[in-house]
Amino acid sequence: MTSQNPYLGKLAVLYENHGDIQPFQQLADQLAVPLRISSEANFDQHEAFFLSWRDGCLKLLDKELLKKGGMTVEIEPRQGEQRSWPAPKDGALAKALGRKTKTVVDATTGWGQDSLHIFRMGYDLLCIERSPIMAALLADGFQRLAQEDWMQRLQLQPPCLLTGNAIELLATLLEAPDCIYLDPMFPPKRKKSALAKKSMMVLRDLLGDDEDKEALFAAAMQATSKRVVVKCPDYAEPLGGVKPSDSFSGKLLRYDVFLKN
């Protein structure tokens with residue numbers, strides 16, 4: 001007996017009457033969600049979230065974003081990040097990953113911003129994402145990344161992406177990576193805290209919190225050869241109930257480093 005699709009009633013693929021409908025239908029079939037057509041009356045009365053291609057990108061929309069563009073996996077460096085490849089290994093994230101680290105698994109890829117920063121710093125990166133919705137957005141982003149001039153000029157391939165539960169997938173890795181990177185969703189500190197970024201609010205509304213982050217941390221410690229790095233809010237207790245070997249702070253967050261004995 002298969003469990004009910006958790007996205008039914010929440011998400012649909014939206015075809016906006018432009019171009020070939022076939023990729024939209026294929027994505028809807030892949031995710032086992034309905035295909036809605038924007039010209040149909042009351043299409044937006046059903047689901048709260050939509051996936052649609054706009055401006056050459058696969059985008060995630062909620063009702064507020066239907067007329068505003070939508071959210072996509074951004075492949076350009078964030079403000080303050082180097083555009084060169086490989087970018088210098090500096091800053092709190094690079095210090096946490098370790099200068100001798102070569103192979104990294106990002107087990108909670110999400111919107112891929114940390115993954116792409118790690119990739120641009122020249123690490124050998126594998127990405128894992130358990131949400132089929134986010135995996136579809138990431139696959140689209142990585143496909144666009146592969147077409148970038150600098151990627152083609154340097155003959156680089158985008159990170160490999162696995163879709164599934166990282167707790168299970170980490171146990172199947174053929175070689176233990178030097179580092180496993182975790183960025184689980186933590187409950188907000190208080191209900192009236194400053195508004196989170198729109199992308200994180202939508203992700204939380206659609207997917208919920210990571211209730212199994214302690215189990216994921218244990219699986220990561222088992223699977224890594226050297227270290228696990230956990231990104232967390234500055235107010236959060238360390239995962240696993242143990243003191244990290246080291247910790248590097250950024251703005252309103254920190255990177256806890258757990259070395260494997």
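No hydrogens, no waters, no symmetry mates; every other heavy atom, side chains included, goes into these values.
Clustering ILVMFWY residues whenever any of their side-chain heavy atoms sit less than 4.5 angstrom apart, transitively, puts L252 in a cluster other than the one holding V230. L8 and L35 sit in two unconnected hydrophobic clusters of ILVMFWY residues. Membership requires side-chain heavy atoms under 4.5 Å apart, directly or through other members.
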Evaluate side-chain contact (heavy atoms from CB on, under 4.5 Å) for L156 paired with L145, printing each intermediate quantity in order.
-> CA-CA 10 Å; L156 298 174; L145 178 66; over 6 Å; no
Stepwise, does the side-chain contact (heavy atoms from CB on, under 4.5 Å) test hold for W53 with L27?
-> CA-CA 11 Å; W53 276 276; L27 182 59; 3.9 Å; yes
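Separation of atoms CE (M151) and CH2 (W85) is listed at 9.0 Å; rounding is to 0.5 Å. Between the CD1 atom in I180 and the CD atom in Q222 there is a gap of 10.0 Å [rounded to 0.5 Å]. Atoms OG1 and CG, from T72 and L138 in turn, are 9.5 Å apart once rounded to the nearest 0.5 Å. With rounding to the nearest 0.5 Å, the separation of CG in N261 from CG in L259 is 8.0 Å. For the atom pair CG of L216 and CD1 of I167, the computed distance is 5.5 Å after rounding to the nearest 0.5 Å. The distance from the CG atom of L173 to the OG1 atom of T103 is 10.0 Å, given to the nearest 0.5 Å.
Closest of all the heavy-atom pairs between L61 and G69 is CD2-O, 3.6 Å. Between S52 and E16, the shortest heavy-atom distance links the atoms OG-OE1, 3.3 Å. Closest of all the heavy-atom pairs between A220 and L182 is CB-CD1, 4.1 Å. For the pair D114 and D183, the tightest heavy-atom approach, listed with the atom from each and the gap, is OD2-OD2, 3.7 Å. Here the shortest heavy-atom pairing between L14 and I37 reads CD1-C, 4.3 Å. When every heavy atom of P184 is checked against every heavy atom of T108, the shortest pair comes out as N-OG1, 4.1 Å.
Contacts of W111 classified as ring pair (Phe, Tyr, Trp, His ring centres under 6.0 Å), with partners at least two apart in sequence or in another chain: none. Legend: residues meeting salt bridge (charged side-chain N to carboxylate O under 4.0 Å, His left out) with R99, ordered by chain and number and at least two apart, are absent. With sequence neighbours left out, the side-chain contact (heavy atoms from CB on, under 4.5 Å) criterion links Q113 to E74, R78, L116. Every residue was checked against the salt bridge (charged side-chain N to carboxylate O under 4.0 Å, His left out) condition with D106, not counting sequence neighbours, and none meets it. By the side-chain contact (heavy atoms from CB on, under 4.5 Å) test, E76 is found to be paired with R83, E148, residues two or more places apart in sequence or in another chain being considered. By the ring pair (Phe, Tyr, Trp, His ring centres under 6.0 Å) test, Y255 is found to be paired with no residue, residues two or more places apart in sequence or in another chain being considered. Residues that satisfy the salt bridge (charged side-chain N to carboxylate O under 4.0 Å, His left out) test with D140, not counting sequence neighbours, are R144. Partners of E64 under the salt bridge (charged side-chain N to carboxylate O under 4.0 Å, His left out) rule, at least two apart in sequence or in another chain, are K68, K198. The side-chain contact (heavy atoms from CB on, under 4.5 Å) test applied to D20 returns Q22, P23, not counting sequence neighbours. Every residue meeting the side-chain contact (heavy atoms from CB on, under 4.5 Å) condition with S225, not counting sequence neighbours, appears here in chain and number order: A176, D178.
More than 12 heavy atoms of other residues, nucleotides or ligands lie within 6.0 Å of CD in Q26, so this atom counts as buried by the packing criterion. For D149, the CG atom is loosely surrounded, since the number of other residues' heavy atoms within 6.0 Å does not exceed 12. Counting non-hydrogen atoms of neighbouring residues, nucleotides and ligands closer than 6.0 angstrom, the NZ atom of K95 reaches no more than 12 such neighbours. Summarising the local packing, NZ of K102 is surrounded by 12 or fewer heavy atoms from other residues, nucleotides or ligands at distances under 6.0 Å. Taking a 6.0 Å sphere around CD of Q152, one finds it holds more than 12 heavy atoms contributed by other residues, nucleotides or ligands.
Below 30°, between 30° and 60°, or above 60°: for W150 and F119 the angle between ring planes is between 30° and 60°, a tilted geometry.
A heavy-atom distance below 4.5 Å is found between the side chains of L31 and L51. Counting heavy atoms from C-beta on, the side chains of E47 and P34 come closer than 4.5 Å. With a 4.5 Å cut-off on side-chain heavy atoms, T101 and K226 do not count as touching.
Here the side chain of K63 pairs no donor or acceptor atom with the backbone of Q45 at under 3.5 angstrom.
When the options T109, D212, T163 are evaluated for a side-chain hydrogen bond (donor to acceptor under 3.5 Å, both in side chains) with R130, the one that passes is D212.
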Solution key, residues 120-127 side-chain donor-acceptor pairs under 3.5 Å, sequence neighbours excluded:
from: R120; atom 1: NH1; to: I75; atom 2: O; distance (Å): 3.1
from: R120; atom 1: NH2; to: E81; atom 2: OE1; distance (Å): 3.1

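Applying the salt bridge (Lys or Arg N to Asp or Glu O under 4.0 Å) test to pairs two or more places apart or on separate chains, those with a residue in residues 241-261 are R254-D256.
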